[in-house]
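All remarks here apply to the structure that follows.
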Amino acid sequence: MTLKFYNTLSRRLEEFRPIVPGKVGLYTCGPTVYNYAHIGNFRCYAFEDILKRTLLFLGYEVKHVMNLTDVDDKTIRGSQEAGLKLNDFTAKFKQAFFADIAVLRLLPADIYPAATEHIGEMIKIVKVLFDRGIAYQAEDRSVYFSIAKWPQYGQLVNIDREQMRSGVRVKLDEYTKDSAADFALWKAWDEADGEVYWDSPWGRGRPGWHLECSAMSSKYLGATFDMHCGGIDNIFPHHEDEIAQSEAANGCKFVNYWLHCAHLVVDGQKMSKSLGNFYTLHDILDKGYSGREVRWVLIGTHYRQSLNFSFQALEDARASLQRIDAFRTRLQENLANPAGDSGQVEEITSKTLDDFAAALSDDLNISAAFAALFEFIREMNRLLDSGCTGSNAARLALDCLEKLDRVLAVCTPDPGEGVPPEITALAEERQAARKSKDYARADALRKEIESQGWLVEDTPKGPRVIRK
RNA sequence: GGCGUGGUAGCCAAGUGGUAAGGCAGAGGUCUGCAAAACCUCUAUUCACCGGUUCGAAUCCGGUCCACGCCUCCA
C-alpha cells in the first residue's frame, strides 16, 4: 500500500516520500489572531488534523509547526480600535484559538511560532535577498522582492500577468514598486502603524506577511521540508511568494508536497458577514451543537472538494454519531461477560483496519474510510445479534474502534454528554413501573424523559438511557 | 478576460475504462408489553446535457449549459 497525496506543485497524485524515512516535517498556515476563527478556517485545520493523524496512524513521526500571525494590518487596526497593545490584543485571540481547536479535537502542533518573535530571522532572509540583488528598497522605504530577478516565479500557479484584470484592484499609480507583481518583504513604518515597528537595516518597519512563513518554517523544519498546507486561496500569492523568497534565499527547494484544501461554503454561497451566513465556532456551539458534531461535518467531505456547510448537515451528524455511540455502548456492556469465542472478530477487525488505512492512504479518501467504519459496525452488530457476546470479542472490537478513532476522533462523546442524575432517577422509576406491569405509567415516564432530551431503550440487560 | 475546480438518488457523499461504496431520510419484515436500538430486504437501468472514441464510459475526447474559487496580503 502506497501513501499518495495530490501535490499542488505538480497538479497530480504523487507517492509520498519523506526526506527522512519515517519522519515528516509538516507546516500548516495558522490563524491571523485578530478575531475569532470562523468555521471556514476550521475546515482547513480539520483537514490538516486528518492529514496529521493519518500520518501518525500509518506510523510516521510528525513534526508539526503552525504559525500564528500576530502582526499585520488587521491585528494592528484591531489593537488600536480596542485601545490595547498589539501583544495584549492578539493574546486573547491566541487563547481563543487554542480553546477552539481543543473543542474540535484537533491535535495541537508541536510548535506555534509567532511572527513577532521571529523578526530577527526574517530580517536575515531579507538581507540575503538584498545581497543577491533580488530585493530592493523602493521610494516608499519598503523592501520588495523583484520578480523580474527570479524567473522561476510561478511554480504553483500559471500567472499570466498580461492577462490579469487591470484596473480593478491593481492600480499601478499607487505603487512605487518596480513592478506591480513585486511583493513586500519589509513594510516601512507609517503613522497608521502607531507604536508597532521594529528596527531594521532599511529603517523602522514590520515584516511582509509571506516572510514569516518562510522564516519560521525553515527555522524549525529545515530549508527543505516535506509538507506545507493551507487553504486553496493561499496558493496565490501567499505560497507562491513563500517559495520565491525561500528558494531565492536558501538556494534549495523549499517544500516537496503542497496540499491545499478547498473552501467551505454555507448553503452554497461563500461565507461572508454581509450575507449573514458567517459563523464562528461559538456561534454554532451556542445553537446547541457539540464540537464533535461540528468536527463530523468538517471532516466528512474530501478536503479538495468544497464543503457545503448547513445546519441540516449538523442534524444528520447527530444521527450518525448516535449509531456509533450505540455500538460502542453495546461493546462496553459486553466487556463484563465471560471470555467467549472471538475467531471471526479478528478477521473483521483486520479487514476493517486494512480498508481504513488503504482509504486514507489514497489522498485521504475520508468517505471510503467512513465506509470501512460503518461496514465494521454492521458486521459486528450482526455477530453480536447472533450471540457473539463474549468479552474477548468486545475487547477486540473496541480496540479496533479506538484505532479508527485515532484518526477520526469522533467516536467518543464530549464531556458533559453524560446522563444527568434526575433523568436516571426517572428511568429507574419507569423501570419499576414496567416490572409491576404498569405500562401506562412507564410510557408516561418515557415521554417525560423524552421531553427533556433523552431516550430510554429497553435491552435484554435492562434500560439504557441515551441522548435524543 | 486569464487560470482552476466541480455538477452522481429526497439530502450528504465515494467511485476516474469493466458494468453505481457508505451515511442520513423513507418503506416492509424480525425482535419487543409497546417502543427504541440492532439485523434483514427494498429505495439511481443510471451518473447536468449533446456528440465522439471503445467490445465496454459516471469514468477518456470535443462541444454546450450551470455552479463555485483565485487573479496582490481571504483558510
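In the text below, chain A, chain B and the rest are named by the order of the sequence lines, each starting its count at 1.
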Does the distance from a Lys or Arg side-chain N to an Asp or Glu carboxylate O, for A:K351 and A:D354, drop under 4.0 Å?
no
Checking contacts here: which listed nucleotide (B:A75, B:A14, B:G33) is nearest the side-chain heavy atoms of A:H38?
B:A75
Measure from CD on A:Q312 to C1' on B:A13 and round the result to the nearest Å.
15 Å
Using OP1 and OP2 only, check whether a side-chain N or O of A:R382 sits under 4.0 Å from B:A38.
no
Taking for A:I366 and for A:E48 the nucleotide of RNA chain B with the nearest heavy atom, the one nearer the 5' end belongs to A:I366
Would you classify A:V456 as touching base, sugar-phosphate or nothing, given that sugar-phosphate means primed atoms plus P, OP1 and OP2, and contacts are heavy atoms under 4.0 Å?
base
Rounded off to whole Å, could you give me the NE2-to-P distance for the A:H239 and B:U72 pair?
17 Å
In whole Å, I'd like the distance from the CG atom of A:D241 to the P atom of B:C71.
12 Å
Does the structure show a Watson-Crick or G-U wobble partner for B:A35, both distances under 3.5 Å? Name it, or say none.
none
Quick check: any donor-acceptor pair below 3.5 Å linking the side-chain of A:R446 to the base of B:G33?
no
A:A371 has a side chain; which of B:A21, B:C40, B:C34 sits nearest to it?
B:A21
Taking atom C1' of B:C74 as reference, at what distance in whole Å does atom OH of A:Y36 sit?
21 Å
On the nucleotide B:C39, are OP1 or OP2 found under 4.0 Å from the side-chain N or O atoms that A:R323 carries?
yes
Do A:R330 side-chain and B:A37 base share a donor-acceptor contact under 3.5 Å?
no
Rounded to whole Å, how long is the line connecting atom CZ of A:R441 with atom C1' of B:C34?
17 Å
Does B:C3 have a Watson-Crick or wobble mate here (both distances under 3.5 Å), and if so which one?
B:G69
Report yes if a donor N or O on one partner sits less than 3.5 Å from an acceptor N or O on the other, where the partners are the side chain of A:N365 and the base of B:G15; otherwise report no.
no
So does A:L104 get a backbone contact from the side chain of A:R295, meaning a donor-acceptor N/O pair under 3.5 Å?
yes
In whole angstroms, the gap separating P of B:A21 from CG of A:D362 amounts to 18 Å
Under 6.0 Å between ring centres: does that hold for A:Y257 and A:H228?
no
Report yes if the distance between the aromatic ring centroids of A:F370 and A:W296 is under 6.0 Å, otherwise no.
yes
Opposite nucleotide pairing with B:A48, Watson-Crick or G-U, both atom distances under 3.5 Å:
B:U64
At 4.0 Å (heavy atoms only), tell me whether A:A313 reaches a base, stays on the sugar-phosphate, or touches nothing.
nothing
Which of B:A75, B:C39, B:G33 is nearest the side chain of A:D233? It is B:A75
Assign A:K447 to base, sugar-phosphate, or nothing according to its heavy-atom contacts below 4.0 angstrom with the strands shown.
nothing
Considering only B:C73, B:G22, B:A75, which nucleotide approaches the side chain of A:L264 most closely?
B:A75
Under 3.5 Å on both distances, the Watson-Crick or G-U partner of B:A9:
none
Can a salt bridge be assigned to the pair A:R382 and A:D385 using a cut-off of 4.0 Å between side-chain N and carboxylate O?
no
Looking for any heavy atom pair under 4.0 Å, which part of the strands does A:Q305 touch: base, sugar-phosphate only, or nothing?
sugar-phosphate
Is the cationic atom of A:K403 (NZ for Lys, CZ for Arg) positioned less than 6.0 Å from the six-membered ring centroid of A:F57 and within 45 degrees of its normal?
no
Tell me whether the side-chain N or O atoms of A:R11 pair up with the base of B:G4 as donor and acceptor below 3.5 Å, since no angle test is needed here.
no
Audit row: A:K4, A:D362, salt bridge (Lys or Arg N to Asp or Glu O under 4.0 Å) steps and yes/no
CA-CA 5 Å; A:K4 289 183 201 153; A:D362 181 20; 5.5 Å; no
Nearest-nucleotide pick for A:R464, side chain only, options being B:A37, B:G23, B:A14:
B:A37
Is A:H210 touching bases, backbone alone, or none of the nucleic acid, heavy atoms closer than 4.0 Å?
nothing
Using a heavy-atom cut-off of 4.0 Å across all strands, would you classify A:K74 as base, sugar-phosphate, or nothing?
sugar-phosphate
Which listed nucleotide (B:A25, B:A75, B:C73) is nearest to the side chain of A:K187?
B:C73
Over all strands shown, is A:E375 touching base, sugar-phosphate only, or nothing at heavy-atom distances under 4.0 angstrom?
sugar-phosphate
Indicate, yes or no, whether a donor-acceptor pair under 3.5 Å links the base of B:C39 to the side chain of A:R378.
no
Atom pair SG (A:C400) and CE (A:M380), whose distance is rounded to the nearest 0.5 Å
9.0 Å
Whether the side chain of A:D458 and the base of B:C34 hold a donor-acceptor pair under 3.5 Å is what I'd like checked.
yes
What integer number of Å spans the P atoms of B:G23 and B:A37?
15 Å
Output the rounded distance in Å from NE2 (A:H260) to C1' (B:G4).
13 Å
Sugar-phosphate, base or nothing in reach of A:H238, heavy atoms under 4.0 Å:
nothing
Base, sugar-phosphate, or nothing: which does A:G230 touch, judged by heavy atoms less than 4.0 Å apart?
sugar-phosphate
Mate of B:U53 where both pairing distances stay under 3.5 Å, Watson-Crick or G-U
none
Of all the choices, B:A13, B:A75, B:A25, which nucleotide is nearest to the side chain of A:A319 once you look at every atom?
B:A25
Rounded to whole Å, please give me the gap between CZ in A:R43 and C1' in B:G69.
13 Å
C1' atom, B:A13 versus B:G7: distance in rounded Å?
13 Å
Assess A:R467 against A:W454: is NZ or CZ under 6.0 Å from the centre of the six-membered ring, and within 45 degrees of the ring's axis?
yes
If you look at every strand shown and take non-hydrogen atoms under 4.0 Å, does A:N381 touch a base, only sugar-phosphate, or nothing?
sugar-phosphate
Which nucleotide wins on minimum distance to the side chain of A:E457, given the candidates B:A14, B:A75, B:A35?
B:A35
With heavy atoms under 4.0 Å as the rule, sort A:T301 into base, sugar-phosphate or nothing.
sugar-phosphate
Are the ring of A:F374 and the base ring of B:G22 both nearer than 5.5 Å at their centres and tilted by less than 30°?
no
My understanding is that a pair needs two contacts under 3.5 Å, Watson-Crick or G-U wobble. By that rule, which nucleotide pairs with B:U16?
none
Span that lies between the P atom of B:U16 and that of B:A48, in whole angstrom:
15 Å
Paired with B:A21: which nucleotide, if any, by Watson-Crick or G-U wobble criteria at under 3.5 Å for both distances?
none
So what does A:R318 hit on the nucleic acid, given a heavy-atom distance under 4.0 Å: a base, only sugar-phosphate, or nothing?
nothing
Does A:R304 make a cation-pi contact with A:Y6 (under 6.0 Å, within 45 degrees of the axis)?
yes
Would you mind telling me which residue lines up with the more 5' stretch of RNA chain B, A:Y439 or A:L307, judged by nearest nucleotide?
A:L307
So what's B:G26 paired with, Watson-Crick or G-U wobble, going by both distances under 3.5 Å?
B:C42
Quick one: which of B:C24, B:C34, B:U72 gets closest to the side chain of A:S320?
B:C24
